[in-house]
Amino acid sequence: MKSGTDGIIRALREEGVNTLFGIPSIHNIRFYEGLRQEPSIRHILCRQEATATNMADGYARAGNRLGVVVASTGPGTGYVVPAIQEAWGSSSPVLVITTNVPSLKIGRGFGSLHELQDQESLFSGITKARFTVRQGDDTQALTKEAIRTALVGRPGPVYLEVPTDLLNEPSADSGGRAPEAPRAAEWAKHRDKALSMLRQAKQPFLLAGTGVVRANLAEEVRQLAETLAAPVVTTTNAKGILAEDHPLAFTHAVRGGTVREMIQQADLCLAIGTRLRDSDVKQHGLALPRLIHVDWDDTWLGKNYETEVALTGDLSALLKGLLEGLKGHSVAQDLQAYVQTMRTRLKEEIRKIREAHLELEYLEVIRESLPREGIHVIDNTQLGYWAEYFYPSYCPGGLVGAKGCATIGFSFAAAVGAKLACPEKSVVALIGDGGFLYNAHELATCIQHGIRFPVIVVNDNAYGIIAFLQCSFYQNEHESRLTNPDFTTLATAYGAQATRVDSPTGLKDALSRALTSAEMWVIELAATFPEPPFWLY
Ligand SMILES: Cc1ncc(C[n+]2csc(CCOP(=O)(O)OP(=O)(O)O)c2C)c(N)n1
Ligand SMILES: [Mg+2]
């Protein structure tokens, strides 16, 4: 008869999972013995559970598939929480497999080793579902259900908890439960209204979010934009859903200048696969015209913007349905001319900003160092904010940001996961000195597993954005300057290669060396970027 562990591992194998990130413990030790006997599953041994979770998240986003982290009771699980908040906010399908105290001791408060009362509740606001295995459950069926829940509809993290004894005990064999089916598109209900609004719009635009990236809908977005001659703006993690050198690409939705003007002049917004969250759009002062909101489900409808027509359900079916309904649509010539004029203005505006800001020159160096399909993973650091506005992404997932909950200390670890998911792609991580010391220990993991890519550490010896905000609000800094280690010595101590640069040409040379090298590289960029772009543009 299969054990609880066998059930989980069989389910992982049957669902095509071949990579896990995690840390062993006395509570999950039986699971690791199972893994030892399962050569088809690769385990990346990490140095802390939060960073292991960021890796699983980066793996999920870059590979457009499930990421899995293995943790253990109490502190091991606690470390997972902030990283799962990021995955939740970014609709990233990450499965947490963790343990709890022995089944008969759960909830009794005996003070057992690692015991954390109500452990599962830590995940209540940041997961799609929580599965807790109890006596008599079939771990294989539950794991399958957990995996499918993470991936179905709007993707997101899921929590699976197994009491340590049940990893070893025989597991029931129920034959598996029916997975939740994706909700059928409900667009037919509002089909005519949406199509007539789109056909009659004088100046429509598309606002695309993470959902279209997760659902692989770049081609549909391009066709919709071209059918309607509609400019496309995006949130950070949807950048590149339409290659940003396409004539209809209008970069980040919350930019000022030409982008804001175009949105103010538009008479219809087709928002697709975006939750229109406050932090993504509303708080930046973005007002929307009449709105058609296309999303996986009703959760976010009408929260931040009044919706005139909502189309919910399977995103792919909805976009295909819209395209079908718009067949034969002809675009007015003056609309085409208007969009062209605005695009030319936007390009000119960016050219002028580049003259005034070295930040754009640095971003250009990173852009030119990476192939079109390269993956640039940014942290919440000044140059990262500039990347959200000014780094052109040419493919979905070409720019990956920690925008789920705006955590710092994400990008380096997430880039490890991205590189493992897409070993054939060039990957670069960008992170601040503050953020890097949240996760620099994972250099050890890179060396141990032969993972290689460059991480650019922007060193301004400060929590720079905080210093900037303090000076802006209170005319003084307080507790935002950092005394740092020598980053090149730190990196070489781990066995990585390292260099320090302080100019765009220095960065260019370092990146070209690192991207063609067979080693892990830390490039310290000694530079201060005093203001974030959202303050200016
Ligand atoms: C986990 C977490 N803690 C604190 C913050 C608040 N915070 C946002 S940016 C920032 C400073 C980041 O410093 P650094 O990585 O050096 O980037 P810089 O701003 O200097 O470019 C801090 C502390 C956060 N976003 N996430
Ligand atoms: Mg800094």
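Both counts, for ligands and for their atoms, begin at 1 and track the order of listing.
Contact of the Leu430 side chain with the Val458 side chain is registered, since non-hydrogen atoms from C-beta on lie closer than 4.5 Å.
In this structure, the protein non-hydrogen atom closest to atom 6 (C) of ligand 1 is Ile466 CD1, 4.3 Å. Closest to atom 26 (N) of ligand 1, if we only count protein heavy atoms, is Ile408 N, 3.3 Å. Scanning the protein heavy atoms around atom 9 (S) of ligand 1, the nearest turns out to be Ile465 CG2, 3.2 Å. If you check which protein heavy atom lies closest to atom 20 (O) of ligand 1, you get Gly464 N, 2.6 Å. Given atom 1 (C) of ligand 1, the protein heavy atom at minimum distance is Thr407 OG1, 3.5 Å. Atom 3 (N) of ligand 1 has its closest protein heavy atom at Tyr438 OH, 3.3 Å. Protein heavy atom closest to atom 16 (O) of ligand 1, with residue, atom name and distance, is Asp433 OD1, 2.6 Å.
Coordination check, Ala462 versus the Mg ion (ligand 2): passed, since an N/O/S atom of the residue sits under 2.8 Å.
Between Thr381 and ligand 1, at least one N/O pair is under 3.5 Å apart. For Gly434, a nitrogen or oxygen atom sits less than 3.5 Å from a nitrogen or oxygen atom of ligand 1, counting backbone and side chain alike. On a distance-only criterion, Leu482 and ligand 1 share no N/O pair closer than 3.5 Å. Residue Tyr463 places no N or O, backbone or side chain, under 3.5 Å from any N or O of ligand 1.
Taking the six-membered ring for Trp, Tyr59 and Phe21 have ring centres closer than 6.0 Å. Between Phe250 and Phe205, the ring centre distance reaches or exceeds 6.0 Å. A centroid separation of less than 6.0 Å is found between the aromatic rings of Phe529 and Tyr362. A distance below 6.0 Å separates the ring centres of Trp535 and Phe468.
A cation-pi arrangement is absent between Lys239 and Tyr391, since the terminal nitrogen or guanidinium carbon is not both under 6.0 Å from the aromatic centre and inside a 45° cone about the axis.
For OH of Tyr537, the number of neighbouring non-hydrogen atoms (other residues, nucleotides, ligands) closer than 6.0 Å is greater than 12.
Heavy atoms of Pro82 found under 4.0 angstrom from ligand 1: none, in either backbone or side chain. When heavy-atom distances to ligand 1 are checked against a 4.0 Å cut-off, Asp379 has no atom that comes that close, whether in backbone or side chain. No part of Phe436 comes within 4.0 Å of ligand 1, judged by heavy-atom distances.
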Practice problem: Report the C-alpha distance between Arg343 and His246 in whole Å, list the side-chain angles of each, state the deciding distance to 0.1 Å, and finish with yes or no for side-chain contact (heavy atoms from CB on, under 4.5 Å). | Solution: CA-CA 10 Å; Arg343 184 95 198 326; His246 186 284; over 6 Å; no

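For the pair Leu399 and Ser393, the tightest heavy-atom approach, listed with the atom from each and the gap, is N-OG, 3.6 Å. Annotation for Val80 and Ala71: closest pair CG2-CB, 3.9 Å, computed over non-hydrogen atoms.
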